[in-house]
Amino acid sequence: MADSPNCDLKSLSPLQLFERVTEQGEKVRALKAGKAPKDEIEAAVRMLLSLKLLYKTTTGQDYQAGLPPRDLVLINNGTSKEEDEDFVDPWTVQTSNAKGVDYDKLIVRFGSSKIDTDLINRIERATGQKPHRFLRRGIFFSHRDMDQILDAYENKKSFYLYTGRGPSSQAMHVGHLIPFIFTKWLQEVFDVPLVVQLTDDEKYLWKDLTIEKSYEYARENAKDIIACGFDINKTFIFSDLDYLGTSTGFYKNIVKVQKHVTFNQVKGIFGFTDSDCIGKISFPAIQAAPSFSSSFPQIFNGKENIQCLIPCAIDQDPYFRMTRDVAPRIGQPKPALLHSVFFPALQGAQTKMSASDPNSSIFLTDTPKQIKTKINKHAFSGGRDTIEEHRKYGGNCDVDVSFMYLTFFLEDDDRLEQLKQAYTSGELLTGELKKVLIETLQPLIAAHQERRKQVTDEMVKQFMTPRKLAFEF
Ligand code: TRP
């Protein structure tokens with residue numbers, strides 16, 4: 001049939017399909033403008049309509065001129081009801097499910113790989129260390145090419161770690177620490193260099209912030225990052241606003257990435273529109289560039305081919321899918337990735353925490369009393385309405401935020417399992433579970449505050465000075 005899209009079209013990617021619809025729309029316009037015969041115009045319009053329909057069934061989105069398909073928007077939970085869909089991108093995380101985002105579906109949707117027991121065992125064998133609780137408990141749950149990093153490591157080939165933080169405010173909360181706690185462990189067990197990008201430029205572009213403020217927040221946040229215990233001889237922390245101007249290696253890679261990614265691609269990946277400022281549109285290249293060792297000639301002695309491993313929350317993956325896509329085209333190795341789940345807000349796992357809502361999170365500056373009040377007052381409970389019901393039916397750990405937080409922070413596996421059983425059976429009440437969490441977080445936050453106090457401006461300066469680290473390349 002001439003007026004239905006042929007089978008070949010079904011094999012097109014969403015972006016190619018988008019371009020095909022656009023092309024057909026232009027054809028229809030040209031035919032109309034050129035006063036073509038009526039049936040020719042009608043045939044072209046029918047073709048356009050079926051293309052649009054195919055586009056909709058393929059992408060789950062309506063065709064909109066000038067707006068390429070979004071890659072990551074819809075993670076369909078198996079039904080077509082809108083409220084059943086998870087939404088994940090670098091700026092928004094939304095799900096209707098109280099258990100949080102369906103991470104197995106996210107793996108399929110993003111095309112990454114699950115961190116399974118085999119991989120965890122392999123990490124244990126390679127490092128000779130007990131796997132971190134974030135690995136044991138599926139908090140870092142997904143990866144790209146981690147087996148390649150391990151192959152290289154077992155063959156005595158080094159790699160480096162890259163992670164980052166967007167300094168949008170002075171106040172960091174416990175959720176922000178997750179990638180850093182894990183990165184510190186990785187640095188220790190693998191003994192490799194680490195670079196930390198502070199994207200003060202990004203926050204200036206996205207938020208209502210002056211350049212000076214975001215630059216200042218970068219330095220403040222650096223203190224919290226340093227307080228996680230990174231080795232000063234093995235770690236380079238940089239602010240984009242500073243480092244971009246002083247490093248030719250870094251800027252060269254940014255420009256290379258910029259040359260190889262089109263506007264249509266970033267529209268598709270990040271959902272940018274024609275009215276976004278050009279700073280946002282080119283920013284992904286700046287987050288991509290630290291994935292290449294040539295961005296840090298002072299650390300890698302100018303070597304271009306040192307592999308990079310990026311621990312980050314899964315919402316940052318779009319940046320690095322783009323990076324992995326361009327890497328071979330600019331003659332660089334693709335970075336490997338380790339992805340974490342989101343840290344839930346106190347109010348529930350439907351969304352990640354927000355630094356702008358003081359009650360949605362536990363901040364690194366909270367006092368023991370604030371921690372106690374916030375947890376008692378705001379932590380969403382999977383317990384029953386009355387003690388009688390709770391004793392009879394038990395609580396639900398899958399939606400209970402205090403229990404979720406304990407899976408992040410309570411080191412002892414046996415204790416965690418006991419708590420789970422006691423809560424599920426109704427033996428342990430919500431107030432008692434909350435008490436365990438309060439007693440876990442209070443000393444942890446106090447210790448962090450103590451370490452942060454020890455971080456001097458001089459140390460910040462040293463961490464942030466481009467220099468050779470304690471490794472030979
Ligand atoms: N964009 C990230 C944020 O807003 C910051 C960031 C930059 C990052 N580079 C990174 C995070 C690498 C993880 C890994 O927080």
Side-chain angles (χ1 to χ4, degrees), residues 72 88-93 110 112 134 140 142-144 159-184 186-187 193-207 209 214-215 217-218 220-222 224-225 228 230 235-244 250 253-254 257 266 269-272 279-293 295-296 308-324 327 334-343 352-356 361 464:
L72 314 155
V88 175
D89 81 359
W91 303 280
T92 316
V93 177
F110 282 18
S112 59
F134 291 172
F140 273 79
S142 151
H143 77 101
R144 295 184 191 274
F159 64 95
Y160 73 102
L161 293 162
Y162 158 41
T163 191
R165 147 121 192 111
S168 56
S169 79
Q170 207 156 352
M172 281 175 70
H173 54 58
V174 282
H176 291 137
L177 288 188
I178 304 304
F180 293 105
I181 292 172
F182 190 59
T183 303
K184 170 174 189 279
L186 291 169
Q187 180 181 55
L194 161 68
V195 298
V196 180
Q197 178 178 46
L198 300 172
T199 51
D200 38 14
D201 50 351
E202 175 192 17
K203 293 303 146 176
Y204 168 69
L205 288 165
W206 261 267
K207 306 267 167 176
L209 268 184
S214 48
Y215 185 75
Y217 291 159
E220 283 304 311
N221 288 183
D224 281 302
I225 294 168
C228 291
F230 293 107
T235 308
F236 173 47
I237 303 178
F238 61 98
S239 117
D240 283 343
L241 290 173
D242 266 343
Y243 188 56
L244 212 132
F250 187 33
N253 281 331
I254 292 170
V257 174
V266 289
I269 299 173
F270 300 98
F272 297 145
K280 286 187 183 178
I281 291 153
S282 59
F283 174 76
I286 302 178
Q287 181 152 336
S291 315
F292 308 125
S293 62
S295 294
F296 309 98
C308 174
L309 172 64
I310 309 172
C312 63
I314 186 85
D315 62 338
Q316 298 298 306
D317 187 65
Y319 287 109
F320 301 117
R321 284 194 302 140
M322 184 198 85
T323 309
R324 287 168 54 86
K334 292 182 180 186
L337 286 135
L338 292 169
H339 300 121
S340 76
V341 301
F342 306 113
F343 193 75
K352 65 174 180 174
M353 300 208 297
S354 146
S356 49
S361 25
M464 298 186 76

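Counting convention: from 1, in listed order, for ligands and their atoms alike. Just so you know, these numbers use all the heavy atoms, side chains as well, and skip hydrogens, waters and symmetry mates.
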S.K.: Answer yes or no: does an N/O atom from Thr199 fall short of 3.5 Å to an N/O atom of ligand 1?
M.R.: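 No: no nitrogen or oxygen of Thr199 is under 3.5 Å from one in ligand 1.
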S.K.: Number the atoms of ligand 1 from 1 as they appear, then name those within less than 4.0 Å of a heavy atom of Glu202, with their elements.
M.R.: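 In order of number, 1 (N), 2 (C), 3 (C), 4 (O).
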S.K.: Hey, can you tell me if Phe134 and Phe140 have their rings parallel, tilted or perpendicular (30° and 60° cut-offs)?
M.R.: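 Ring orientation, 0 to 90° scale: parallel.
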S.K.: Relative to the heavy atoms of Lys203, which atoms of ligand 1 are at a distance of less than 4.0 Å?
M.R.: 4 (O)
S.K.: Could you tell me which atoms of ligand 1, counted from 1 in the order shown, lie closer than 4.0 angstrom to a heavy atom of Ile310?
M.R.: 14 (C)
S.K.: Measure the distance from atom 2 (C) of ligand 1 to every protein heavy atom, then report the residue, atom name and distance (to 0.1 Å) of the closest one.
M.R.: Gln316 OE1, 3.3 Å
S.K.: Answer yes or no: does an N/O atom from Thr163 fall short of 3.5 Å to an N/O atom of ligand 1?
M.R.: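 N/O-N/O distance under 3.5 Å: no.
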S.K.: Below 3.5 angstrom, do we get any N/O pair linking Tyr319 and ligand 1?
M.R.: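 It does not: no N or O of Tyr319 is found under 3.5 Å from an N or O of ligand 1.
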S.K.: Any idea which atoms of ligand 1 are less than 4.0 Å away from a heavy-atom of Gln287?
M.R.: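 Per the distance check, 1 (N), 2 (C), 6 (C), 7 (C), 8 (C), 9 (N), 10 (C).
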S.K.: Quick one: which ligand 1 atoms are inside 4.0 Å of a heavy atom on Cys312?
M.R.: 13 (C), 14 (C)
S.K.: Classify the ring geometry of Tyr243 against Phe238: parallel below 30°, tilted from 30° to 60°, perpendicular beyond 60°.
M.R.: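 Ring orientation of Tyr243 relative to Phe238: tilted.
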S.K.: Given Pro311, Gly164, Ser291, Gly166, identify the one with the heavy atom nearest to atom 3 (C) of ligand 1.
M.R.: Gly166
S.K.: Taking the six-membered ring for Trp, are Tyr215 and Tyr204 closer than 6.0 Å centroid to centroid?
M.R.: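 No; Tyr204 has its ring centre 6.0 Å or more from that of Tyr215.
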S.K.: Ala336: which residues meet the side chain to side chain contact (heavy atoms under 4.5 Å, CB included) condition with it, sequence neighbours left out?
M.R.: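 Scan of Ala336 (side chain to side chain contact (heavy atoms under 4.5 Å, CB included), adjacent residues dropped) gives Asp145, Ile149, Leu309.
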S.K.: Which is it for Arg165 and ligand 1 at heavy atoms under 4.0 Å: side chain, backbone, both or neither?
M.R.: backbone
S.K.: Indicate, as side chain, backbone, both or neither, the part of Phe283 found under 4.0 angstrom from ligand 1 when only non-hydrogen atoms are considered.
M.R.: neither
S.K.: Between Thr163 (side chain) and Pro311 (backbone), is there a donor-acceptor pair under 3.5 Å?
M.R.: yes
S.K.: Between Ile225 and Phe180, what is the shortest heavy-atom contact and its length?
M.R.: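 Heavy atoms only, the tightest pair is CD1-CZ, 3.6 Å.
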S.K.: Taking only residues two or more places apart in sequence or in another chain, which ones pass side chain to side chain donor-acceptor pair (under 3.5 Å) with Asn253?
M.R.: Ser294, Ser295
S.K.: Could you measure the distance from the OG atom of Ser214 to the CG atom of Leu241? Nearest 0.5 Å is fine.
M.R.: 6.0 Å
